[in-house]
Amino acid sequence: MQYPKAFTDALQFVWGEGFLSPGGPEEVAEMLHGIDLSGKRVLDIGSGLGGVDVLLAQAHGAAEVVGVDVEAPLIEEARARVAALGLSDRVRFDLVTPGPLPYPDAAFDVVLSKDALVHIPDKAALFADAFRLLRPGGVLAVSDWLWARGAGESAVVQDWVSRLGLVFTYTTPDEARAAMAAAGFVDLRLEDRRAGLQTANRAEIAYLAGAGRVELARIVGDEMAAARLASAVGRQAALDAGALIPTHLFGRRP
Ligand SMILES: C[S@@+](CC[C@H](N)C(=O)[O-])C[C@H]1O[C@@H](n2cnc3c(N)ncnc32)[C@H](O)[C@@H]1O
């Protein structure tokens with residue numbers, strides 16, 4: 001398990017309730033810029049605690065949202081979150097195993113994923129499956145952590161990731177674009193989000209080193225609070241070195 005409870009509690013403290021990735025509602029709105037979800041069926045790959053999925057239904061008007069994840073406790077917490085909000089009839093979560101997803105061809109209008117594909121090594125298979133799951137005309141909208149070539153071997157990244165407890169896969173923007181094209185997606189668009197994350201991450205470091213530190217330690221203990229600060233510092237180094245390239249990726253099934 002890569003996302004134990006003390007870790008997800010700490011991530012939510014920093015990034016907001018239901019979120020295991022940065023940016024909150026504004027970032028989800030950026031991912032969906034120009035994409036109308038009203039009345040649509042949406043698949044969310046790597047749904048975590050379901051904060052994104054609540055927004056897709058509540059703020060963006062999706063008719064139906066299916067979130068999938070590989071960690072059972074996250075799925076349970078996400079289900080409890082939507083039940084408490086009375087959204088269970090529109091938002092559901094399925095526990096899956098890595099690999100092709102158990103849904104029929106053309107089952108979704110939109111396939112979305114926020115900061116989860118970094119955990120999935122076979123991008124060719126992943127994008128091929130997303131293509132299969134979309135109806136013709138359907139849209140892929142992804143936020144992912146992409147990397148400069150050789151980033152996985154760089155000292156700055158190894159120093160950060162080796163202490164993080166997460167397994168990343170190091171895909172470059174060119175490799176991601178090629179995998180999407182090979183799957184059949186058209187109208188490809190990749191947007192480098194590094195500048196925005198650099199600014200937000202600097203604020204996160206200041207908060208975790210200052211006012212937030214005591215409060216976070218009260219919730220998850222000193223060790224985890226210190227680890228979150230160290231991780232934010234490591235992430236900043238990877239961003240500043242140009243190794244980590246947070247990216248939005250879009251494509252359409254013709
Ligand atoms: C950084 S979290 C992001 C969660 C959520 N999208 C968010 O933004 O709050 C990455 C998520 O991807 C999930 N994950 C990892 N490998 C996966 C796979 N092969 N298929 C689906 N989800 C996966 C993890 O369990 C975790 O919940």
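In each ligand, atom 1 is the first atom listed, and ligand 1 is the first ligand listed. Count residues from 1 along the sequence. Given the structure is predicted, the values throughout are model-derived calculations rather than measurements.
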State whether the side chain of [X] and the backbone N or O of [Y] hold a donor-acceptor pair below 3.5 Å, judged by distance alone.
X: R189; Y: L249; result: no
X: S154; Y: V157; result: yes
X: D129; Y: L101; result: yes
X: E175; Y: T172; result: yes

Region of [X] engaging ligand 1 - heavy atom pairs below 4.0 Å:
X: V96; answer: neither
X: W15; answer: neither
X: S47; answer: backbone

Contact list for residues 200-211, test side-chain hydrogen bond (donor to acceptor under 3.5 Å, both in side chains), sequence neighbours left out: W15-E204, N201-R235, N201-Q236, E204-R235
K114 N/O to ligand 1 N/O under 3.5 Å: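 In this structure, K114 places an N or O atom under 3.5 Å from an N or O of ligand 1.
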4.0 Å heavy-atom contact, G51 with ligand 1: no
Nearest neighbour in protein (non-hydrogen) for atom 12 (O) of ligand 1: A116 CB, 3.3 Å
Nearest-contact summary for atom 2 (S) of ligand 1 - protein heavy atom, Å: Y3 OH, 3.5 Å
Salt bridge present between E64 and R41 (N-O < 4.0 angstrom): yes
Shortest heavy-atom approach to atom 5 (C) of ligand 1 - which of G46, S21, A72: G46
Option set D69, L20, L11, criterion heavy-atom distance to atom 27 (O) of ligand 1, minimum: D69
Of all pairs that satisfy ring pair (Phe, Tyr, Trp, His ring centres under 6.0 Å), the ones with a partner from residues 222-254, not counting sequence neighbours: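 Every candidate ring pair (Phe, Tyr, Trp, His ring centres under 6.0 Å) pair involving residues 222-254 fails, so no pair, neighbours aside, qualifies.
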With heavy-atom distances below 4.0 Å as the criterion, list the atoms of ligand 1 near [X].
X: E71; value: 25 (O)
X: L74; value: 25 (O), 27 (O)
X: H119; value: 10 (C), 12 (O), 15 (C), 16 (N)
X: V70; value: 14 (N), 15 (C), 16 (N), 17 (C), 18 (C), 19 (N), 20 (N), 21 (C), 23 (C), 25 (O)
X: F19; value: 9 (O)
X: D115; value: 1 (C), 2 (S), 3 (C), 10 (C)
X: I120; value: 18 (C), 19 (N), 20 (N)

Geometric class of the W147/Y170 ring pair [parallel <30°, tilted 30-60°, perpendicular >60°]: perpendicular
Worked check of side chain to side chain contact (heavy atoms under 4.5 Å, CB included) between T97 and V70: CA-CA 6 Å; T97 49; V70 293; 6.0 Å; no
V91 vs R79, side chain to side chain contact (heavy atoms under 4.5 Å, CB included): CA-CA, chis, key distance, verdict: CA-CA 8 Å; V91 184; R79 283 179 184 154; over 6 Å; no
